[in-house]
Structure formats: structure tokens, C-alpha cells
Amino acid sequence: MSTTTHPETTISADPALPTIRITREFDAPVDAVFRAHVEPELVAKWLGPRSLTMLVDRWDATTGGGYRYTHVRGDEQYRFYGSFHEVRPNERIVQTFTFEGFPDGVSLETVTFTDLGGGRTRLDVLSVFETTEVRDAAMASGMETGVVEGYEQLDELLA
């Protein structure tokens with residue numbers, strides 16, 4: 001299973017493994033892209049679909065830290081939380097990700113930042129789920145819209 005939802009964002013699910021891979025390039029230096037992932041006031045400006053507002057309850061993007069946030073649209077609220085296993089500046093972030101509405105669906109995410117030179121950065125995200133069924137439920141949840149629109153908002157923030 002592979003989906004390209006935007007000319008610049010590739011989202012793919014390996015049929016043999018419970019994983020999702022996301023690849024995206026940005027016209028911004030790696031330190032700026034990394035900073036937008038670890039500073040809560042910046043994360044709140046881009047993470048998720050455009051129709052949702054992100055309220056950060058906790059964001060400690062350090063090795064051993066954690067996070068909890070709520071996406072809000074009118075009366076709808078979607079809460080997420082996780083732990084930062086490793087935060088290596090300008091190189092990678094390893095974290096867990098859980099949607100409170102489906103607490104058994106925790107995934108492990110590795111985000112890798114690659115300096116492409118010329119002020120450009122490639123982001124590679126690998127999410128590992130417990131089963132392919134849980135992975136497929138994540139793919140069917142509308143995550144594609146959140147990822148694509150979130151990265152569009154990150155482009156705007158980095159411009």
C-alpha cells in the first residue's frame with residue numbers, strides 16, 4: 001500500500017509490516033525544521049489539519065520527556081500523548097504516539113532530519129504499530145489530511 005497525497009509528501013504502508021513511512025522535503029535549513037518540532041509554540045502552529053486548533057498541555061521535547069495535546073474543532077476534542085525516547089538535535093526524534101480515543105494503538109515513531117544542503121531538509125518518519133490492523137485503522141482515520149495539511153502549515157511557518 002502506497003499513497004502520494006501531495007506532490008511533495010509520500011505516505012506508504014508496507015503490506016508485510018505494521019509500518020507507515022512518510023517522506024517530505026522542506027525549503028528550510030535542518031535546524032529550523034528541527035526547532036519547529038521541539039518548541040511547543042511552533043509545534044502548535046503547524047501540527048495537524050488546518051480545521052483544528054492545537055492546545056498544548058505539556059511539551060518537553062528532551063530525551064526522557066513527554067507531551068500531551070488536544071486538537072479542538074468547535075465541540076470536538078481529540079487528545080494525544082506520548083514520550084520522547086530520544087531527542088538528538090538536528091538529527092532525529094524517537095517518540096511514542098497515542099490517541100486517547102484508541103489507547104491500545106500506541107506507535108513508535110522515528111523522525112529523521114537530513115540536511116540536503118542549500119538550506120533544504122528531508123524529513124523521514126517511520127511509525128511502527130503493534131499490528132497491521134492497527135496500522136490500517138490509523139491510515140483510515142484521516143491521518144493523511146492531517147499530515148499533508150500540517151506539512152503545508154510547516155512550510156508557511158518556515159518561509
Side-chain angles (χ1 to χ4, degrees), residues 2-14 19-73 76-100 105-129 135 138-139 141-159:
S2 178
T3 306
T4 300
T5 58
H6 184 273
E8 301 169 348
T9 303
T10 300
I11 301 171
S12 61
D14 187 319
T19 61
I20 297 173
R21 287 186 181 276
I22 301 170
T23 301
R24 177 67 145 75
E25 292 183 7
F26 295 91
D27 289 323
V30 70
D31 61 328
V33 177
F34 181 81
R35 205 175 110 224
H37 282 76
V38 296
E39 294 185 13
E41 64 278 358
L42 298 178
V43 173
K45 292 179 178 179
W46 69 266
L47 185 64
R50 290 184 186 277
S51 63
L52 298 173
T53 299
M54 181 176 176
L55 306 175
V56 177
D57 300 321
R58 181 169 63 101
W59 195 271
D60 177 15
T62 59
T63 297
Y67 66 88
R68 184 171 190 268
Y69 64 88
T70 306
H71 273 142
V72 177
R73 178 188 318 127
E76 299 171 51
Q77 293 190 354
Y78 308 96
R79 290 187 178 85
F80 303 88
Y81 63 91
S83 300
F84 290 103
H85 179 76
E86 179 183 24
V87 177
R88 192 181 311 162
N90 302 330
E91 292 183 30
R92 74 186 216 151
I93 297 171
V94 180
Q95 66 188 55
T96 60
F97 177 85
T98 302
F99 169 48
E100 282 190 8
V106 64
S107 64
L108 179 65
E109 300 180 340
T110 301
V111 182
T112 305
F113 302 79
T114 303
D115 185 348
L116 299 175
R120 293 188 43 80
T121 301
R122 185 179 63 241
L123 198 65
D124 293 293
V125 180
L126 173 64
S127 298
V128 180
F129 297 84
R135 184 270 323 267
M139 289 288 283
S141 71
M143 67 157 279
E144 189 176 301
T145 299
V147 170
V148 172
E149 289 184 4
Y151 286 159
E152 289 171 353
Q153 292 178 102
L154 181 53
D155 277 335
E156 295 161 12
L157 179 67
L158 295 168

Note, [X] side chain near [Y] side chain (heavy atom, < 4.5 Å):
{"X": "M54", "Y": "V72", "result": "no"}
{"X": "V147", "Y": "I22", "result": "yes"}
{"X": "I20", "Y": "M143", "result": "yes"}

Could you tell me which residues satisfy salt bridge (charged side-chain N to carboxylate O under 4.0 Å, His left out) with R73, sequence neighbours excluded, listed by chain and number?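 Partners of R73 under the salt bridge (charged side-chain N to carboxylate O under 4.0 Å, His left out) test: E76.
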As a quick check of understanding, evaluate salt bridge (Lys or Arg N to Asp or Glu O under 4.0 Å) for D60 and R68, giving each step before the final call. CA-CA 9 Å; D60 177 15; R68 184 171 190 268; over 6 Å; no
Identified side chain to side chain donor-acceptor pair (under 3.5 Å) partner of D124 from the options T10, T112, T23: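 The residue from T10, T112, T23 that satisfies side chain to side chain donor-acceptor pair (under 3.5 Å) with D124 turns out to be T23.
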Residue of the set T121, V87, L123 for which side chain to side chain contact (heavy atoms under 4.5 Å, CB included) holds with F34: V87
Can you establish whether the number of heavy atoms outside H37 located under 6.0 Å from its atom NE2 is more than 12? yes
Taking all heavy atoms of E149 and all of R50, pick out the closest pair and write down the distance. OE1-N, 2.7 Å
So that I can tick it off, tell me whether D155 and R24 are bridged by a salt bridge, with the cut-off set at under 4.0 angstrom between side-chain N and carboxylate O.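 Yes, R24 and D155 are salt-bridged.
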Name the atoms and distances for all side-chain donor-acceptor pairs under 3.5 Å in residues 38-48, with sequence neighbours left out.
unit_1	atom_1	unit_2	atom_2	d
E39	OE1	R35	NE	3.3
E39	OE2	R35	NE	3.1
W46	NE1	A36	O	2.8

So, Y67 versus F84, ring centres under 6.0 angstrom or not?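 Close enough - the centres of the two rings lie under 6.0 Å apart.
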